[in-house]
Protein chains: 2
Amino acid sequence: MLLTGTILIKNNRQIVELNYGAVNLFVIVVLSGFRASSFCFLVNCGVYFLPLSCTFKASENNLRRLAALFTVFIIALCSAAAEPAPNLMPLPSNVQPGTGELVIDTSFTVSLAGSKDYRVQHAIERFLDNLRRQTGMPPLYMKLTNSAQATLVVQADHASKEVQELGEDESYSLEINTRGARLRAVTPLGIMRGLQTLLQLVVTTSSGFAVPAVTIRDQPRFPWRGLMIDVSRHFIPIDVLKRNLDGMAALKLNVFHWHLSDDQGFRVESRKFPKLHEMGSDGLYYTQDQVRELIAYARERGIRVVAEFDMPGHSTAWFVGYPKLASAPGPYQIQRKWGIFDPAMNPAQEETYKFLDKFINEMASLFPDKYFHIGGDEVNGKQWDKNPEIQAFMRAHGFKNNQDLQAYFNERVQKIVSKHGKIMIGWDEVLHTDLPKDTVVQSWRGQASLAQAARQGYRGLLSYGYYLDLMWPASRHYPVDPMSDAAANSSPDEAQRILGGEACMWSEYVSPENIDSRIWPRMAAIAERLWSPQNVADTKSMYERLETTSRWLDWFGLTHHSSYTPMLRRIAGSDDIAALRMLADLVEPVKDYTREETAPVEPTSLAPLNRLVDAVRPESATARHFAAMVDLISSNPADPVIRAQVRASLTNWTANQASLEPVESSSFLLKEVAPLSAALSRIASTGMQAMDYIDRGNRPPDSWVADQTLLLQDAQKPQAQLLLVIVPSVQKLVQTAATQSAVPVQK
Amino acid sequence: MLLTGTILIKNNRQIVELNYGAVNLFVIVVLSGFRASSFCFLVNCGVYFLPLSCTFKASENNLRRLAALFTVFIIALCSAAAEPAPNLMPLPSNVQPGTGELVIDTSFTVSLAGSKDYRVQHAIERFLDNLRRQTGMPPLYMKLTNSAQATLVVQADHASKEVQELGEDESYSLEINTRGARLRAVTPLGIMRGLQTLLQLVVTTSSGFAVPAVTIRDQPRFPWRGLMIDVSRHFIPIDVLKRNLDGMAALKLNVFHWHLSDDQGFRVESRKFPKLHEMGSDGLYYTQDQVRELIAYARERGIRVVAEFDMPGHSTAWFVGYPKLASAPGPYQIQRKWGIFDPAMNPAQEETYKFLDKFINEMASLFPDKYFHIGGDEVNGKQWDKNPEIQAFMRAHGFKNNQDLQAYFNERVQKIVSKHGKIMIGWDEVLHTDLPKDTVVQSWRGQASLAQAARQGYRGLLSYGYYLDLMWPASRHYPVDPMSDAAANSSPDEAQRILGGEACMWSEYVSPENIDSRIWPRMAAIAERLWSPQNVADTKSMYERLETTSRWLDWFGLTHHSSYTPMLRRIAGSDDIAALRMLADLVEPVKDYTREETAPVEPTSLAPLNRLVDAVRPESATARHFAAMVDLISSNPADPVIRAQVRASLTNWTANQASLEPVESSSFLLKEVAPLSAALSRIASTGMQAMDYIDRGNRPPDSWVADQTLLLQDAQKPQAQLLLVIVPSVQKLVQTAATQSAVPVQK
């Protein structure tokens, strides 16, 4: 059994919660000056003396006593750990706390030993910019010097490779004592990662800014930690990509996978085939100069850029300018809808390969990374089935089905990719034993597919479980592990071939305005999964650090927080959005692929993304905090503090409809929200009634429970493509009331 | 006497307040769907049938009846005006409302008639970007087309001048009906101004986005409407200047005055005298390419860029690299303190003029504007007094005093400026009858000085009353008028020479992080003064429109709102800033030049600007709203709605100290705030006691009044260089309680 400790804080009041199986014990501790994060951090790092898992054989009473003892122990520990503790994300692999702290003031300087690689110098300058910003220091301070007496000495053993390679050493060690800090790494990449850690260590104390004395030795668990952004379905401008690269760098991610073409748009300037971008992009494409600029920007941050040109399917946008590439005559138009479409390249004609040879030649020199992604997913084969020449070709080659034909196409393309000096990557579907073993398979199907590829000798990446567009909570992405499930029993050799993972931001419903909020902060949880040791897996600790990380990312340029208010104002048609925000904070967009299914009209790339479903966060922090409080009430209905908090929230939500209803008619964007607002007030009122039963210690009549359960089932249905995510918590309150040991109320 | 009507809104409850001299009458009207802004707008525009000023001879009773009648009238008007109304700032000179509205949806297009000046095209593209952002439309829509059927037809009669000139026509007419809109202007400048008006007209309705049918004919009152930014005392990077130029363009300002050199820094690359920027800037300067980039950016927005190089005083930074220019041998260092310093150029040596000739030659070609600012302010003359050669020179020329010497210097410099094709501007001090009449005087001394210059035939600008660094409320800047006071009686010719005004952002206490909050939104009130007709002068209307304008500016790139929260988090050393924010919302930095006087240590350019005084807004909107409610209570203590609101605020503030105190010791930046927080709770408690007396209708004992008055006097003193700005309102509550007609409470 696992004994876990977590701390919830409300203002200055800290509630220590211990769970041992079904046993829960709560102790409210007033401990000012101690931060929740420190405890979780220490427990997670496993560097303190608390055993994280222990096996007991004991009666429930003994367990209660043990838990009580453990609590006292924690309190003592908390009192001792009076210093604010670091809030690191991803958690490093090894952290040894030291004694005291290093003051960060105007005298802070950095010197550079070892390699003078310009990337290290630029990384230090960015670090100093951020440090100045974090501490509010003027630009006259915090300089890179030549002095051996600098506060921070940075040493990279070697310069970096001309083009960043897969598997380059990213490890670093960071030693901080009260006199100074030393950051050492084999490569500039390790220095970049270590500088991000150092920045996260900065805290405010009663005497000034400081970093705690600590020794950190850190390296990534996986060498490929990526984020894919689909810029085809909605075009995402360069500056938006740049701020997301900054976010990636802050979370130690190292691959930006640029999904550059699809049915809905071809997004790169091609000088050899200019009709690709001229006719396939609505004028929304990156010039080659912009591509080079972005690659340089990524390189400075230790991030590889892998280009994807999806083929033979997902390629309608190519055919607008070059219909002869397709398997049916055309003409073609840029696709405005979402889904899998018929157009596919013609694998039976030599012109296709001649075209791709020239095209890949051009792109292979534009994108310096060793890996080149050819997509290869979701070909429905309908154009192939209907084309007599292709059918004849298949018979001539003895292909049994379209899979064989696509495998032939892939082999041909692989040879072209290889001829131009690149290694091919493709989605699951490309996996075929005739491909060379250096091919990389990106799995959207799951660990089984990944493990199978590894068994066959191919390298693979996990993307299944990391689809950010599915609007899952971070807690659902976080436990997804490339080495778990079907991959858990891989041999060491096979495990070696599992390179890591990539989160995917498919862009059916994102715009420059809301893409950050679809990627962040959830991406940070995936980044931790791919960097930190496998046993870093405490969801509560993750969430605590995620909230801090999220605010920090927004401050440093991302807009996932800051775009929320303006979007709500636009929906309200007014600056007074208190009531709308209260509702918006409690809803989430529908999950998985139900946004298509629940759409009021067929969704297209032409639809404005200005509805509430486009503004609200994929995951409601308010609902999560409420659920945590309700969990406490379910296990200990007598707790007065939590009870008061739950009541206060329910009271506000019950009253919210009265504020929102009068203005609902003033904006067309509010109309669809009306039923949702009414439902919120209704279920909050249910929750209040349940609290009344709990407070009085009376069980409600069965009929009430049945009525409310129906009401809640109704409230759980999507409205305006939104889910009212406090419903399960209210359901839990109803259940808690209904299962009290006290006498039920008589009608 | 002036009869004015204003409306205050709280949620859906609208309180119509009428003032007629000392008579006040309040009617609470519940009118959903009507916006306060519309009434103020209508009244201010003077296009409705309500007489704005009327003379009455009547008893107080009659006046009360009249006011009551008027109120009913307004209510009827309000009910009729059900459509959301525009929120224009600055208010146009003539607005004729039409019937209905023009729908703004995905079919919106623009076509261009008349001049195809690239500036008009770019202005339209920026307009469309903003319109798409405001409405959340994808980039596939809202295009510039060639169709005569476009929703908006834009016509500029002529192209613009190669270099924007003072006095170029900026007028425009904007006609909107239900079928389309037409924007017409003589020059591209007028088009730019009109597009900003159109953008401000967009509202959200129950059926979609729209602009109301309207005919606007508009032109500026003054041809010179500027903002000066001092980039010497603190360096302000190009991107920060750019977003401020965007803000200027939104408010129809047309001159950016770039204060480029001073004792604390020389900020432009000089290729002829590279030691100026190399030694005089700490490496913080603009390259000539950056200067050209900024000028082009400004030009695209219809903004002239006027460079200022302050001389012969305020010039220490020049002497670091070129000590021979000075009147004492040196060596010199960049000045880190604030104030007036001794170093001044040597007006008695020819080398000075040779240097300036070469330098001004270089800068005159870098800065294309016709006007060139030579500063000329605040020479203390001490170096001149001590230099025997200068004294001999003065005797030889028969100069009686340093003013004569400076006049000689100015004449020499003026000739150089003129030789290089420019017209000279200087601060008040340059005014001297020997200067040519085209010289422009910028007055920091006031309208008297301005009027005097105009009488002498010089043109002038007002900056007195527009110093943003003095932390005045917008309501104090707003009535300052270049044509008022001593300038009110100018002859038409003299009035013609009063070109307008410039707000000044002196940068002793601004950084890239907080400069926006020091300029905006107050700058918008000054912009309205300089653009709108003189009779646009209703402060309450200004504030209502200012609040909307302010949020809008922040959304479109300025950071005066968005930088507030991160700065407070840094001060708190925590993400939980609710209590700190409640306090911060109620304080303002000390006013005028008292920041120097009250400084705990001598302020310098090396000091971090990370204290609460650097984060809080120059003007507290919360305090202003509270004061308005207290005013209502003073005149009508029986009003239950307002009373409840005042009580709610006071209750929160009384309790705030209990939340803030426990965390005060956790951050060194909170320490100085502690006494302020205690004072807030104390005076809020005083306010609550006063409310109790008012509610009970009992007059408090004199001793209580005396005690509280002392307490309030104490609370009015600056703490941590901050003022608790609700003190006067609490004082008013105490007075209201003390002057009730009811019987005083017995001790």
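Per chain, numbering begins at 1; letters A, B, ... match sequence-line order. Bear in mind the structure is a predicted one, so any value in this text is a computation, not a measurement.
- Considering only heavy-atom pairs separated by less than 4.5 Å from chain A, the leading option among B:Asp614, B:Asp575, B:Asn610 is B:Asp575.
- Side-chain atoms of A:Asp554 come within 3.5 Å of backbone atoms of A:Ser562 as a donor-acceptor pair (strictly under, hydrogens ignored).
- Looking at A:Ser207, the atoms closer than 4.5 Å to chain B (heavy atoms on both sides) all sit in the backbone: N, CA, C or O.
- With hydrogens and angles disregarded, no donor-acceptor distance shorter than 3.5 Å links the side chain of A:Ser206 to the backbone of B:Phe668.
- In this structure, the portion of B:Arg569 lying under 4.5 Å from any heavy atom of chain A is its side chain and not its backbone.
- With a threshold of 4.5 angstrom between heavy atoms, A:Ala607 approaches chain B through N, CA, C or O but not through any side-chain atom.
- Ring-plane geometry between B:Phe235 and B:Tyr286 is classed as tilted, the angle between the planes lying from 30 to 60 degrees on a 0 to 90 degree scale.
- Considering only heavy-atom pairs separated by less than 4.5 Å from chain B, the leading option among A:Leu606, A:Leu140, A:Ile571, A:Asp282 is A:Leu606.
- Note on ring orientation: taking the six-membered ring where Trp is involved, the planes of A:Trp338 and A:Tyr509 are perpendicular (angle over 60°, cut-offs 30° and 60°).
- When only modelled atom types and interatomic distance are considered, A:His234 and A:Ser605 share no side-chain donor-acceptor pair under 3.5 Å.
- Of the two parts of A:Thr135, only the backbone, made up of N, CA, C and O, holds a non-hydrogen atom closer than 4.5 Å to a non-hydrogen atom of chain B.
- Interface remark: B:Leu670 contributes no atoms to any contact with chain A (heavy atom separation under 4.5 Å).
- Looking only at heavy-atom pairs under 4.5 Å with chain B, the residue among A:Met137, A:Glu664, A:Met567, A:Gln134 that has the most is A:Gln134.
- Neither the backbone nor the side chain of B:Thr565 comes within contact range of chain A; no heavy atoms are under 4.5 Å apart.
- The most heavy-atom pairs under 4.5 Å with chain B, out of A:Ser511, A:Ala572, A:Ala578, A:Gly208, come from A:Gly208.
- Looking only at atom types and distance, the side chain of B:Asp105 has a donor-acceptor partner in the side chain of B:Ser107 under 3.5 Å away.
- A:Gln645 and A:His625 share no donor-acceptor pair across their side chains, judged by distance under 3.5 Å alone.
- The part of B:Ser665 that comes within reach of chain A is its backbone (N, CA, C, O), which places non-hydrogen atoms under 4.5 angstrom from that chain.
- Side-chain contact annotation: B:Ser677 with B:Gln657, donor-acceptor N/O pair under 3.5 Å present.
- Among B:Thr106, B:Thr548, B:Leu609, B:Asn514, the residue making the largest number of heavy-atom pairs under 4.5 Å with chain A is B:Thr548.
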